There are 4 protein chains.
Amino acid sequence: MAQLSPQPKADKRIRIINAAVDVIAEKGYHYARISDIAKRAAVADGTIYLYFKNKEAILLSIFEEKMTDLIVLVRAEISNISGPKEQLMGFIHQHFLLVQENPALARVLQIELRQSSRFIHDYRPESLWAYLRIVVEIIEAGQKEGVFRRDIDPFIFQWSLFGALDELSVQWILSKKRERFPLEQVVHQVSSVFLSGLTITQE
Amino acid sequence: MAQLSPQPKADKRIRIINAAVDVIAEKGYHYARISDIAKRAAVADGTIYLYFKNKEAILLSIFEEKMTDLIVLVRAEISNISGPKEQLMGFIHQHFLLVQENPALARVLQIELRQSSRFIHDYRPESLWAYLRIVVEIIEAGQKEGVFRRDIDPFIFQWSLFGALDELSVQWILSKKRERFPLEQVVHQVSSVFLSGLTITQE
Amino acid sequence: MAQLSPQPKADKRIRIINAAVDVIAEKGYHYARISDIAKRAAVADGTIYLYFKNKEAILLSIFEEKMTDLIVLVRAEISNISGPKEQLMGFIHQHFLLVQENPALARVLQIELRQSSRFIHDYRPESLWAYLRIVVEIIEAGQKEGVFRRDIDPFIFQWSLFGALDELSVQWILSKKRERFPLEQVVHQVSSVFLSGLTITQE
Amino acid sequence: MAQLSPQPKADKRIRIINAAVDVIAEKGYHYARISDIAKRAAVADGTIYLYFKNKEAILLSIFEEKMTDLIVLVRAEISNISGPKEQLMGFIHQHFLLVQENPALARVLQIELRQSSRFIHDYRPESLWAYLRIVVEIIEAGQKEGVFRRDIDPFIFQWSLFGALDELSVQWILSKKRERFPLEQVVHQVSSVFLSGLTITQE
DNA sequence: CATGAATGAGGCTTCATTCAT
DNA sequence: AATGAATGAAGCCTCATTCAT
């Protein structure tokens, strides 16, 4: 039995995850069939169950693993930037950059994930919190440095910002004519509003 | 034969819609069974199909009808307020008030609706746009009056604000300990950030 | 309440029967809905159950009543003809004439009736036998007169003839291009074959 | 674990087809439940859908596949016979033989098949035409040889004969007391009538 | 580890029939 | 007698999951 699989080996789990991202992004979680994912991953249906407990576990694994990657990536980018305002802009920039470069993943993480009742009801999305912790840290640093208003609650702010980024991303993903909707401009506008709202006004 | 039905003629259609809101909010669209909705509405399963073409039509009807109500309500409230800043605060206030008073409906409108593939793929959520048009009108008025920054794109702003309101609502709905999360404070914080971000700084 | 119904009155039963013939001919027995029949008859769904026990009873009533009419009609025609050969030709002619003039009824009697499991399994189609008795009587008369072969079993002959008439009618009804398939020629051919087969050859 | 399944690998598809023939013959197409067929075939309900697109496809497959078999069989028999008259008798004989040996199949092919609206409306029953082509070929050969009357239209004749065979088969199948109705005699009578009707009379 | 044929639970929907008016 | 809104039983079909090979 020679090497037949296009990719080396052992990556079967990764192939399944990536296939799942694509298929779920295309059809939606509830309309994505295991057999679709298996076919795209070029494995047998049953093989999926060697790597994942069930369909929902795939979704949660996507979330866990991709978010972990993203956090590492974003943290790395942020660490090269100095100044809380600049870091927050960097975060916003990175977020949209990732959306732009991984629209399928973005769609799964932002829309489809919420289809899992476990995700909504029981699951504690630690990874999402870890992602947003980046924002909180920037804000708290800015507040300590006296750059950001102390009366802003970082907890509420993080969800406001995330909600805005999320919704704009969704609208961008769903948008038929994305050219009318350049992400660079979105980055600029969002940064402008949130930073103005956050920054202490020198009066 | 005493009067048993709580609402003698309270139209079955309304009963079904409200039952659907409750059940879908509880279990999620895909896990809400038609028979659950029928039972909650105290009608036979088949009766639902006298009023709605199919399951998805219930979801879309909820959206259409409830959004129409909301728009009327919010517009009425806004019309009593003068000044763009105050109106925007009023809008934010109203949004969270409605969420607080109709958590099940809020959940359906904000989370479950997105489960319908038709909603995502084909459907044009005119009602949502009509709702957000309220925001756009306030902003454009403020820009004309010179109260709001002209460089803010109302289109992007509306989605930022909506995203923030939406996400905070969701978090509030999902939040086990809502007391730690008083909506009044959320209103204050969000208004503060978005208004500061939007308002022209007098320097 | 003035006279509103287009037809005098009391004819509701007849209206239903005729509506049923049309609808069943169009859609087939199992795909014809009671509500379709009711609509075509311009009565309420429930009204049908004042005249018929259930859906199957409509089908059987169509059979009973229409066959009774047909038998009277055909017998009347035959009685004007003398000579067994001429009478048999007359019967064949009448059969196709009726098919041609009442294609919907023909379809129901010949195709759709067999959809009723009761018709197939329990029901004794006396009316059909009465119809075919006309054939048997002609044959037996012919045999007595020495015109028809005595070795022909009228019982088997009646079904042969009926099968041939039936099948040709069905093919004619189903035929898209009935012009290629003129019933007059069919009458001629069928009469020719069956009469030659039946008549004593003068050798 | 002894051998339990009667036909180890006797392809499930064949088991399903045969089960469907039995169940449909017994209860009629519209009253035959998929679960009945599955039970009789000793497979799960879902398994049927691995082999057939839907219920109607089972019926059409029965028709296609069984007719193909029948045509081969009948052609083989006919090819051993010389002389158009003898061949036509052979055809009639074979037809009733097959009915006698496969009453369930005969019932499905002759009665139940017509329940499928697709069969009636859209479907072109090529296989049936192929079956009847055997008759047409015999007649045309006989006409060429001068044995059969030239004024007989083979197209009309084929349907007459088929209708007669069909109706007699149905009556035989439905007949409670088949002994009163011996197929050998039916063969003889039908052959006699149709051959006399078809053969050129030597006067 | 891998396969993929087989399973079978379960839901949406239809529509004949009922019954309060 | 007539209505037609309401009923609810029942079936086709899907698809996540299993398991013999």
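Every chain is numbered from 1, with letters handed out A, B, ... down the list of sequences. The structure presented is a predicted model; accordingly, all values stated were derived computationally and were not measured.
Note: NZ (B:Lys27) to P (E:dG10) measures 13 Å, nearest angstrom. Across the protein-nucleic acid pair, C:Asp36 atom CG and F:dG4 atom P stand 16 Å apart, rounded to whole Å. Here F:dA2 presents its C1' atom at 17 Å from CZ of C:Arg13, a figure rounded to the nearest Å. For the pair A:Lys39 NZ and E:dA2 C1', the computed distance is 18 Å after rounding to whole Å. When the P atom of E:dA16 is taken as reference, atom CD1 of C:Ile24 falls 11 Å away, rounded to whole Å. The interatomic distance linking D:Ile37 (CD1) with E:dT7 (C1') rounds to 18 Å, in whole Å. As rounded to whole Å, 13 Å separates atom C1' of F:dA1 from atom CZ of C:Arg15. In this structure, CG of C:Leu59 is placed 15 Å from C1' of E:dA16, rounded to the nearest angstrom.
Straight-line distance between the C1' atoms of F:dT21 and E:dC1: roughly 13 Å, to the nearest whole Å.
B:Tyr51 places none of its side-chain heavy atoms less than 4.5 Å from the side chain of B:Ile17. Counting only heavy atoms from C-beta outward, the side chains of B:Tyr31 and A:His30 approach each other to under 4.5 Å.
Under a 3.5 Å cut-off, the side chain of A:Asn54 and the backbone N or O of A:Ala57 do form a donor-acceptor pair. Judged purely by atom type and a 3.5 angstrom limit, D:Tyr29 uses its side chain to pair as donor or acceptor with the backbone of D:Glu56. Without hydrogens or angle criteria, C:Lys55 side chain to C:Ala32 main chain gives a donor-acceptor distance under 3.5 Å.
Across all strands shown, the partner of E:dC12 is F:dG11, judged by Watson-Crick or G-U wobble contacts whose two distances both fall under 3.5 Å. The base-pairing partner of E:dG4, taking Watson-Crick or G-U wobble contacts with both distances under 3.5 Å, is F:dC19.
Looking at which nucleotide of DNA chain F each of B:Val43 and C:Ile48 is closest to, the 5′-most match is held by C:Ile48.
Within the 4.0 angstrom heavy-atom criterion, only backbone atoms of the sugar-phosphate kind lie near D:Tyr51; the bases stay farther away.
Among residues two or more places apart in sequence or in another chain, the salt bridge (Lys or Arg N to Asp or Glu O under 4.0 Å) test is passed with A:Glu65 by A:Arg13.
For the pair D:Arg33 and D:Asp36, the salt-bridge criterion is not met [side-chain N within less than 4.0 Å of a carboxylate O].
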Counting primed atoms, P, OP1 and OP2 as sugar-phosphate and everything else as base, the B/S/- map of nucleotides 13-18 of chain F against protein heavy atoms under 4.0 Å is BBSSBB
